[in-house]
Amino acid sequence: MDDSETGFNLKVVLVSFKQCLDEKEEVLLDPYIASWKGLVRFLNSLGTIFSFISKDVVSKLRIMERLRGGPQSEHYHSLQAMVAHELSNRLVDLERRSHHPESGCRTVLRLHRALHWLQLFLEGLRTSPEDARTSALCADSYNASLAAYHPWVVRRAVTVAFCTLPTREVFLEAMNVGPPEQAVQMLGEALPFIQRVYNVSQKLYAEHSLLDLP
């Protein structure tokens with residue numbers, strides 16, 4: 001994956017999530033993977049502080065790319081097709097990790113959870129006052145999303161690491177869309193695209209009781 005920041009613009013990445021939903025509101029996996037790659041570039045541009053998330057995301061994206069390029073690729077063009085295929089063929093470990101630790105359902109669930117964290121964090125940046133502490137914003141977002149799935153040691157280490165985060169202004173400038181006030185406006189316009197993809201995915205996983213895959 002190319003982590004070069006040349007020409008990077010977070011608005012382009014966020015708006016690209018609009019392409020993830022087709023006319024039937026199915027989540028298309030190729031644009032989903034491409035959009036996530038853009039988010040990884042954003043996280044990497046902020047330094048090593050978010051490597052605990054970005055490294056895991058990259059490994060999950062590689063699994064999905066293998067599935068998309070494999071012999072069963074036609075079953076992995078959308079999230080809905082993937083769920084139907086893997087459940088009907090018993091390719092998902094529903095109670096404990098055993099035979100299918102890299103199933104598409106489990107892999108996308110981890111991306112889905114990380115997307116929720118990032119969405120909450122960016123929304124926090126958008127709505128917070130100028131002097132808001134990014135460490136608190138990030139911790140609140142983490143505790144409301146990913147923390148529940150991490151052991152105590154990881155939660156503690158991550159919370160401590162958040163204390164070294166740059167200021168809110170630095171985050172907004174890293175989005176490369178102009179001054180901070182313009183970045184705030186952009187987030188208000190673009191974050192709903194992530195929200196919609198998240199909501200559709202959440203509903204699908206809930207309907208099939210897949211939200212707690214081991």
Side-chain angles (χ1 to χ4, degrees), residues 1-2 7-43 53 57-92 94 100 102-123 126-127 141 145-146 175-177 182-213:
M1 291 187 191
D2 182 13
F8 176 80
N9 182 310
L10 187 62
K11 180 178 181 179
V12 174
V13 174
L14 297 180
V15 172
S16 71
F17 274 89
K18 184 178 181 180
Q19 310 303 318
C20 294
L21 295 176
D22 65 10
E23 65 279 359
K24 297 183 293 184
E25 289 218 314
E26 292 193 353
V27 179
L28 304 177
L29 290 177
D30 283 343
Y32 186 81
I33 291 169
S35 296
W36 248 120
K37 286 183 178 181
L39 292 180
V40 168
R41 291 180 66 193
F42 173 63
L43 293 176
I53 289 179
V57 166
V58 168
S59 69
K60 299 298 184 287
L61 293 177
R62 286 173 177 159
I63 292 172
M64 293 311 301
E65 288 178 323
R66 288 199 297 270
L67 291 173
R68 279 294 293 136
Q72 301 295 317
S73 61
E74 71 273 14
H75 298 297
Y76 291 90
H77 72 278
S78 75
L79 188 60
Q80 286 74 6
M82 180 192 77
V83 168
H85 167 68
E86 292 196 342
L87 286 179
S88 63
N89 289 279
R90 298 183 178 181
L91 298 175
V92 186
L94 297 176
H100 307 288
E102 294 190 348
S103 67
C105 287
R106 181 185 187 275
T107 301
V108 172
L109 178 60
R110 270 58 186 176
L111 293 171
H112 177 69
R113 291 170 178 171
L115 188 65
H116 189 210
W117 162 75
L118 189 56
Q119 173 205 335
L120 291 176
F121 180 49
L122 292 176
E123 181 64 19
R126 183 184 77 84
T127 59
S141 302
S145 55
L146 288 172
M175 297 175 190
N176 286 342
V177 293
Q182 192 169 334
V184 168
Q185 180 181 351
M186 178 277 293
L187 289 174
E189 297 170 353
L191 279 176
F193 297 125
I194 279 187
Q195 178 72 58
R196 188 59 189 156
V197 172
Y198 176 83
N199 288 346
V200 171
S201 304
Q202 180 77 4
K203 181 180 178 182
L204 176 68
Y205 269 70
E207 288 175 346
H208 293 280
S209 302
L210 297 175
L211 288 172
D212 295 310
L213 290 179

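Hydrogens, waters and symmetry mates are skipped; everything else that's a heavy atom, side chains included, is used. Everything numeric in this text was worked out from a predicted model, so none of it was measured.
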field: Full working for side chain to side chain contact (heavy atoms under 4.5 Å, CB included) between Leu79 and Val200
entry: CA-CA 10 Å; Leu79 188 60; Val200 171; over 6 Å; no
Quick check: closest heavy atoms across [X] and [Y], and the distance to 0.1 Å?
{"X": "Thr107", "Y": "Ser103", "answer": "OG1-O, 2.8 Å"}
{"X": "Pro71", "Y": "Glu74", "answer": "O-OE1, 3.6 Å"}
{"X": "Leu111", "Y": "Met64", "answer": "CD1-CG, 4.4 Å"}
{"X": "Val92", "Y": "Glu86", "answer": "CG2-CB, 3.5 Å"}
{"X": "Leu211", "Y": "Leu109", "answer": "O-CD2, 3.7 Å"}
{"X": "Ala114", "Y": "Val57", "answer": "CB-CG2, 4.2 Å"}

query: Which is it for Leu210 and Leu87 under the side chain to side chain contact (heavy atoms under 4.5 Å, CB included) test, yes or no, and what are the steps along the way?
result: CA-CA 10 Å; Leu210 297 175; Leu87 286 179; 4.0 Å; yes
[X] [atom1] to [Y] [atom2] distance, which is reported to the nearest 0.5 Å:
{"X": "His77", "Y": "Leu29", "atom1": "NE2", "atom2": "CG", "result": "8.5 Å"}
{"X": "Arg113", "Y": "Tyr198", "atom1": "CZ", "atom2": "OH", "result": "9.5 Å"}
{"X": "Leu118", "Y": "Leu122", "atom1": "CG", "atom2": "CG", "result": "4.5 Å"}

I want to check something: taking the side chain as every heavy atom from C-beta on, are [X] and [Y] in contact at a cut-off of under 4.5 Å?
{"X": "Cys20", "Y": "Val197", "value": "yes"}
{"X": "Leu21", "Y": "Glu26", "value": "no"}
{"X": "Val13", "Y": "Lys37", "value": "no"}
{"X": "Gln202", "Y": "His116", "value": "no"}
{"X": "Ser16", "Y": "Pro31", "value": "no"}
{"X": "Leu120", "Y": "Ser145", "value": "yes"}
{"X": "Leu187", "Y": "Leu14", "value": "yes"}

Looking at [X] and [Y], would you say the former's side chain and the latter's main chain have a donor-acceptor pair under 3.5 Å?
{"X": "Asn176", "Y": "Phe8", "value": "yes"}
{"X": "Tyr205", "Y": "Cys105", "value": "yes"}
{"X": "Asn9", "Y": "Lys11", "value": "yes"}
{"X": "His100", "Y": "Arg90", "value": "yes"}
{"X": "His85", "Y": "Met82", "value": "no"}
{"X": "Arg68", "Y": "Ser73", "value": "yes"}
{"X": "Gln182", "Y": "Val177", "value": "yes"}

- prompt: Any ion pair linking Glu65 and Arg62 (charged N to carboxylate O, less than 4.0 Å)?
  reply: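 A salt bridge is absent here (no side-chain N lies under 4.0 Å from a carboxylate O).
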field: Gln72 and Leu67: CA distance, side-chain angles, deciding distance, side chain to side chain contact (heavy atoms under 4.5 Å, CB included) verdict
entry: CA-CA 7 Å; Gln72 301 295 317; Leu67 291 173; over 6 Å; no
- prompt: Step by step, would you call Ile194 with Leu115 a side chain to side chain contact (heavy atoms under 4.5 Å, CB included)?
  reply: CA-CA 8 Å; Ile194 279 187; Leu115 188 65; 3.9 Å; yes
query: Between Phe17 and Tyr32, what is the ring plane arrangement, given parallel below 30°, perpendicular above 60°, and tilted in between?
result: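 Taking Tyr32 first and then Phe17, their aromatic rings stand perpendicular (interplane angle over 60°).
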- prompt: How about Glu123 and Gln119: does a side-chain donor come under 3.5 Å of a side-chain acceptor?
  reply: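 No donor-acceptor contact under 3.5 Å links the two side chains.
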